[in-house]
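Written below as structure tokens is the structure these notes are about.
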Amino acid sequence: MDLPKKYDPQEAEQKWLESWDASGIYKWDPSKSRDESFVVDTPPPTVSGSLHVGHLFSYSHQDFIVRFQRMMGKNIFFPIGWDDNGLPTERRVQNLLNVKCEAHLPYDPDFKAERGKKGNATPISRKNFVELCDEVIVDDEKAFKQLWTRLGMSYDWDQEYATINEHSRRTSQYSFLELLEKDEIYQAERPVMWDVDFQTAIAQAELEDKERPSAYNFIRFGVEGSEEKLVVATTRPELLPACVAVLVHPEDKRYADFVGKNAISPLFEVPVPIKADAKADPEKGTGVVMVCTFGDQTDVEWWTAYKLPLRQIIGRDGHLMAVEFVAAGTPEQHGKIPSLNPDSANAVYSTIQGKYTKQAQKLVIAAAEENGTVIDRPAENITHAVKFFEKGERPLELVPTRQWYTKIMDKKEALVGQGKKIKWHPEYMEKRYAHWVEGLNQDWCLSRQRYFGVPIPVWYRLDEHGEVRYDQTILPTLKDLPIDPLSECPQGFTADQRDQPNGFTGDPDVLDTWATSSLSPQVASQWVEDKERHQKLFPMDMRPQGHDIIRTWAFYTIVKAYLHEKEVPWHNVVLSGWILDPDRKKMSKSQGNVVTPEPLIDQFGADAVRYWAARARLGVDTSFDEKVFKVGKKLVTKLFNASKFAIGRFEDVPADQLTPDKICTELDRAVIAQLRPVIEKATAAFKEFDYAQALSLAEGYFWSVYCDNYLEMAKQRTYDEALTAERLSACATLRLVHRALVRMMAPFIPYITEEVWGWTYSNDSDMATSIHKSPWPTLDEFAAVPAPAHSTSYDAAVAVVELIRKAKADAAVSMAAPVESATITVAEANVAAVEATLDDIQRMLKIETATVVAGTIEIGLATVETVLAPVPAAE
RNA sequence: GGGCGAUUAGCUCAGUUGGUUAGAGCAUCUGUCUUACACACAGAGGGUCGCAGGUUCGAAUCCUGCAUCGCCCACCA
């Protein structure tokens with residue numbers, strides 16, 4: 001056989017990708033039973049996000065495990081999906097095509113968008129908008145597909161899915177309707193966390209705290225029927241007009257006399273009750289807290305508990321809304337706030353109406369300062385955490401709106417229990433999940449006031465005045481799913497009844513993107529369409545994901561599996577760490593420190609990139625270090641060279657002469673004895689998803705035992721002219737061990753191992769044509785090889801070799817320099833062991849005469865006295 | 001404030017139930033073209049295992065406290 005001189009990774013990548021695609025080795029076989037299968041709930045990457053090296057990292061991890069399981073004989077279900085649903089795609093479409101969605105516009109089938117259009121954004125219907133999203137993501141998905149393919153991901157592309165396609169929309173809407181039927185979903189009008197830029201509700205899982213500078217403003221409230229003042233400390237003076245009560249701690253003696261009276265807010269002169277509440281902290285600020293609608297979550301609690309009036313002043317767009325101050329005593333109604341001095345209150349409010357909160361805050365403080373009696377003492381600067389939408393740029397507000405919710409607060413204990421039934425890798429991540437569940441403080445807000453998402457599949461009746469009757473929902477039949485209630489009409493109605501009195505209207509909202517992502521197992525298993533297939537795939541075996549989305553993707557998936565089937569969605573969660581840049585910052589697009597993946601693969605090869613990923617243990621954040629790519633590339637080169645050499649040593653020997661029973665020398669048996677625990681440990685580690693350990697074991701043995709020692713020691717025997725027993729033994733060992741090692745590295749470096757495999761092993765009757773379909777090595781393959789006569793043979797031989805090498809290195813001569821004599825001193829017990837491998841050692845190091853004597857060894861296994869042959873004088 | 005994790009050689013990291021002299025790769029230095037590989041091989045130097053206690057015949061490993069870093073959560077008047 002003519003083996004190539006040099007290895008070209010790019011050429012090999014192309015060649016094997018075509019071959020794998022043609023042979024369909026990664027296809028799932030639906031006829032196999034559940035027990036024979038290994039089922040993966042693959043994370044669908046956000047296609048509109050940028051590709052960076054972190055993707056290569058965590059996606060490689062899945063593939064290592066999957067490839068191992070495939071070699072263990074499992075029928076692999078390894079789908080791939082794209083997360084194209086949601087805000088990132090919306091934003092891309094808006095920017096790219098300069099359009100904006102206005103949900104109630106009618107669909108225009110002839111609308112064409114143009115890229116790079118300038119001027120005002122064109123308003124279009126939701127259906128048009130969604131069509132554009134669908135177009136844009138096609139290109140993104142191509143880029144991802146190409147990258148994953150090149151990285152060597154062993155996906156079954158027949159199982160490709162997307163979170164916005166028809167199938168996912170059907171699944172997601174089906175889930176919504178089933179949970180509605182089960183009374184696990186409800187709608188409610190209540191204050192919800194609201195992003196004023198995206199103008200949508202968001203859920204607890206999407207919150208992010210950010211430290212922001214702020215200040216305590218000390219503001220004097222009047223007390224009805226008294227000259228005394230109550231000083232409130234507030235960080236949100238702009239909410240003064242929305243104040244509905246003032247609270248003090250029941251045991252706070254300073255304020256005990258005020259409880260039960262009314263306080264008068266300054267500037268607006270609104271009388272509000274002074275109440276005692278244990279949640280008012282006497283240590284905080286002045287111990288007097290003003291309740292506003294709404295400054296924070298505690299305000300909501302107090303507002304609910306005391307049935308306080310609603311004085312919403314912050315609008316959905318973040319501007320201060322129009323409100324009117326009216327004479328105190330007028331019954332409370334929407335948009336009217338009772339004041340003791342409506343004229344002056346309206347005058348002050350008119351300066352802040354229509355402003356953003358930040359500006360309004362400045363104006364209120366200015367008005368207070370101007371007034372002269374309002375500010376009690378200078379403001380105190382502080383920094384505190386403020387809640388943001390994780391993708392948002394301005395703090396969230398609490399705005400009362402009607403939203404759909406999934407009941408989760410009543411299931412916290414059960415959900416923690418579900419978490420315990422799942423094996424988390426690494427194990428401690430389970431605590432993170434449990435901690436999150438225990439800390440939940442609200443039901444899951446499902447509805448989003450956005451466009452590119454799965455529509456909420458609900459219509460409502462309108463009464464004779466054209467008002468929406470939210471209690472009279474009209475639901476689609478399951479066979480009609482997916483539906484868009486804004487462009488389709490419910491059964492029994494005609495399109496012209498839309499938005500007409502006594503007609504119907506469609507729910508304009510879409511579902512939280514996680515409401516669909518959380519169904520990734522059900523989407524992949526085709527839960528709605530094919531119950532039998534679903535049964536075969538669910539619960540799944542493995543969910544790989546990042547630890548940053550435990551509270552979202554993992555959590556919500558567990559929720560859905562529990563609500564629908566009282567099941568866990570998978571048996572194992574495998575969590576990758578993050579990639580940090582060399583300064584140990586998380587690599588992310590917003591930080592501007594991302595490394596793009598393609599050039600890396602060009603430079604080092606896909607195998608080397610995968611090797612880098614394989615070195616990182618699960619859950620551990622890893623810094624981006626180019627040196628590791630180089631090491632990976634070296635391993636690939638080494639494997640190429642060593643394989644070429646090893647195979648070259650035995651390829652001329654008839655295959656029937658290279659059977660395990662031919663392995664007869666002490667050294668050969670000792671080397672195999674060294675391999676057995678490596679196989680056992682690597683297999684055990686891999687079964688526990690610890691691919692890094694498996695790689696380390698295989699790589700360590702390959703480099704040190706196989707290449708640096710065994711090949712060197714055994715190769716002289718392979719040069720014997722006759723087919724002696726010793727030569728056959730060496731050749732059989734080289735082959736048997738090599739054939740196992742290549743397979744142990746195949747999950748990590750699939751290209752080079754497939755290349756090497758094709759040189760000879762693909763023809764072995766007990767192996768498959770592709771290494772990736774061949775069985776993972778087992779001890780059975782070595783069962784015919786007896787244990788060495790002495791358990792220390794290998795270690796003793798290496799110890800002796802090292803000592804003689806050191807003698808040569810100290811003498812600054814070549815390793816090939818001849819040695820006249822070597823006197824090897826070993827402990828009595830090891831004399832026989834060293835003698836058993838002495839021939840190989842002598843031939844390897846060119847030792848003329850070697851003597852083994854028994855003696856006392858203080859450190860290590862042996863000492864050696866070496867006499868080097870005289871070096872011929874240079875001419 | 002609560003929780004989780006980390007802290008081992010200049011750097012990146014292993015170290016599996018407590019057990020000889022704590023390992024690897026990279027980097028550094030020295031040597032070697034040796035019938036696979038100089039993208040290699042051989043050799044050397046380099047660590048009081050974050051700190052302080054404790055348990056033990058024996059601790060990087062177990063316990064307690066502390067420090068530093070990271071992450072998650074809470075606090076938000």
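Letters A, B, ... are given to chains in the order of the sequence lines, protein chains preceding strands, and every chain is numbered from 1.
Per the geometry, CG belonging to Leu711(A) stands 13 Å off C1' belonging to rA40(B), to the nearest Å. Atoms CH2 (Trp578(A)) and P (rC71(B)) sit 7 Å apart, rounded to a whole Å. The OH atom of Tyr433(A) sits 17 Å away from the C1' atom of rC4(B) (whole-angstrom rounding). Separating the CZ atom of Phe294(A) from the P atom of rA77(B) is a distance of 17 Å, rounded to the nearest angstrom. Rounded to whole angstrom, the span from the NZ atom of Lys846(A) across to the C1' atom of rU35(B) amounts to 9 Å. One atom, CG of Asp548(A), and another, P of rC71(B), lie 12 Å apart when rounded to the nearest Å. Straight-line distance from the NE2 atom of His547(A) to the C1' atom of rC73(B): 15 Å, rounded to whole Å. A straight line from CG of Leu635(A) to C1' of rC37(B) spans 13 Å, rounded to a whole angstrom.
When the side-chain nitrogen and oxygen atoms of Tyr719(A) are compared with OP1 and OP2 of rA36(B), one or more of them lie within a distance under 4.0 Å. Contact between the side-chain N/O atoms of Lys634(A) and the OP1/OP2 oxygens of rA40(B) is found at a separation under 4.0 Å.
Considering only the side chain of Gln716(A), rU35(B) comes nearest among rU35(B), rC41(B), rG31(B). In the set rC11(B), rA36(B), rA77(B), rA77(B) carries the atom at the smallest distance from any side-chain atom of Trp302(A). Side-chain proximity of Tyr428(A) to the nucleotides rU34(B), rA42(B), rG5(B) is greatest for rG5(B). With rC39(B), rU34(B), rC4(B) as the choices, the nucleotide that has an atom nearest any side-chain atom of Ser814(A) turns out to be rU34(B). Nearest nucleotide to the side chain of Phe645(A), out of rC73(B), rA36(B), rC72(B): rA36(B). Closest to the side chain of Lys638(A), out of rC37(B), rC13(B), rU34(B), is rC37(B). The side chain of Arg805(A) sits closest to rA42(B) out of rA36(B), rA44(B), rA42(B).
Between Trp436(A) and Phe555(A), the ring planes lie perpendicular to each other; the angle is over 60°, past the 30° to 60° tilted range. Note on ring orientation: taking the six-membered ring where Trp is involved, the planes of Tyr691(A) and Phe64(A) are tilted (angle from 30° to 60°). Ring pair Trp612(A)/Phe57(A) is tilted by interplanar angle, where 30° to 60° counts as tilted.
Contact record, Ala862(A) with Val800(A): CB-CG2, 4.1 Å, taken as the closest heavy-atom pair.
For the pair Arg377(A) and Phe218(A), the cation-pi criterion (under 6.0 Å, within 45° of the ring axis) is fulfilled.
Residue-to-nucleotide contacts include a donor-acceptor pair under 3.5 Å from the side chain of Asp209(A) to the base of rC75(B). Counting distance only, with no hydrogens placed and no angle test, the side-chain atoms of Glu438(A) and the base atoms of rA74(B) include no donor-acceptor pair under 3.5 Å.
Residue contacts for Cys292(A): at a heavy-atom cut-off of 4.0 Å it reaches no nucleic acid atom on any strand shown. Heavy atoms of Ala616(A) sit nowhere under 4.0 angstrom from any nucleic acid atom. Contact annotation for Ser696(A): no contact, since no heavy-atom pair falls under 4.0 Å across all strands.
Base-pair partner of rA59(B): not found among the strands shown (Watson-Crick or G-U wobble, both distances under 3.5 Å).
Between Trp757(A) and Tyr761(A), a ring centre-to-centre spacing shorter than 6.0 Å is recorded.
Both Lys644(A) and Lys284(A) lie near RNA chain B, and the one whose nearest nucleotide falls closer to the 5' end is Lys644(A). The nearest heavy atom of RNA chain B to Val631(A) and to Val801(A) marks one nucleotide each, and the one closer to the 5' end goes with Val631(A).
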